[in-house]
Every structure is written in C-alpha cells, then in structure tokens.
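Some notes on the structure that comes next.
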Amino acid sequence: MKYIGAYLLATLGGNETPSAKDIKKILSSVGIEAEDSRIENLLSELEGKNIADIIAEGTKKMASLPAGGAAAPAAAGAAAPAAGGAAAAAPKKEEKEEKEESDDDMGFGLFD
C-alpha cells in the first residue's frame, strides 16, 4: 500500500508517470526504505495505464460487493423517534459521570 500511496501522491502532484526515483523520493521523505523489486513490480503493472481509469474500474467492482448494511437505513428510520427519547436521557448520565470523575482525583491533579 505504501508504494501505491507514493505513486498516487506523485500523480496528484502533477507527474502523470512517476518513475522509481520519484516513488523512492516520496517514501524516503517519511523515513521508509523502499524495495526496488516492489517498485519495479508496481511500475510494470501500471505501465501504459491511466490511474484515473484504474480507480474508476476498481470503484465499479467495489460497488458490486455486498456491504452488509442494506437494512440499516430502514432500521435507522424506524429507530429515529426512539433516539429522541434516548437523547434526552443521555445528559443525566453525563452529569453522573462528571461527578464520578471529579471524585476520582480526590483533589490531587496529575501534574500538581
């Protein structure tokens, strides 16, 4: 991921086709020692391809994956009225917690 991230940073900076040297420079600027074999592998996979097209293609593939949350919007809509009542009860709990926290230090501060 760090190599792809460096490649994407270079393209965002205006370099349409980053070289291995460009990727190494980005990685070394944050203290990462780059492996030449991984950079060369990445560059060979992306050679002649437009990164925007690759991202768009990947987004289409990700859209077809199940997210497991299809029922959540319907459940959230039904729970919204109940959430209003729960929100009113929440401040009482917070007040109790604040009192407990102030009692815990027994008058002594961490940096006193």
Side-chain angles (χ1 to χ4, degrees):
M1 289 299 288
K2 56 189 169 189
Y3 298 101
I4 294 170
Y7 185 90
L8 290 173
L9 283 171
T11 58
L12 283 173
N15 187 350
E16 291 291 322
T17 55
S19 66
K21 183 179 176 182
D22 298 328
I23 294 172
K24 281 183 186 180
K25 183 177 179 181
I26 292 170
L27 292 173
S28 67
S29 71
V30 293
I32 298 173
E33 196 169 313
E35 295 178 30
D36 292 334
S37 61
R38 289 187 178 218
I39 294 173
E40 293 304 323
N41 186 27
L42 173 68
L43 292 176
S44 67
E45 290 290 327
L46 296 175
E47 187 176 349
K49 297 178 183 175
N50 182 349
I51 196 69
D53 294 339
I54 294 170
I55 292 172
E57 184 180 325
T59 303
K60 289 178 188 174
K61 289 180 180 180
M62 293 294 289
S64 66
L65 294 175
K92 292 179 183 177
K93 288 183 181 179
E94 289 178 15
E95 290 175 13
K96 289 179 183 177
E97 289 176 12
E98 288 177 14
K99 289 179 183 176
E100 290 174 9
E101 289 176 10
S102 64
D103 292 340
D104 286 341
D105 66 2
M106 295 186 279
F108 298 103
L110 182 61
F111 299 105
D112 289 341

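Source: prediction; values computed, not measured. Computed from heavy atoms alone, side chains included, the values below leave out hydrogens, waters and symmetry copies.
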**Prompt:** Looking at CG of Asn50 and CD of Glu16, how far apart are the two atoms once the value is rounded to the nearest 0.5 Å?
**Reply:** 6.5 Å
**Asked** Can you get from Leu43 to Leu9 by hopping between Ile, Leu, Val, Met, Phe, Trp and Tyr side chains that sit under 4.5 Å apart?
**Response** no
**Asked** Can you tell me how far the CG atom of Leu42 sits from the OH atom of Tyr7, to the nearest 0.5 Å?
**Response** 7.0 Å
**Asked** Testing Thr11, Ile26, Ile39, Leu8 for side-chain contact (heavy atoms from CB on, under 4.5 Å) with Pro18, which one passes?
**Response** Thr11
**Message:** Quick check on side-chain contact (heavy atoms from CB on, under 4.5 Å): which of Val30, Ile23, Leu27 does Lys2 satisfy it with?
**Reply:** Leu27
**NZ on Lys24 to CD on Glu35, rounded to 0.5 Å** = 11.0 Å
**Request:** Under the side chain to side chain contact (heavy atoms under 4.5 Å, CB included) rule, what do Asn41 and Tyr3 come out as? Steps first, then yes or no, please.
**Result:** CA-CA 10 Å; Asn41 186 27; Tyr3 298 101; over 6 Å; no
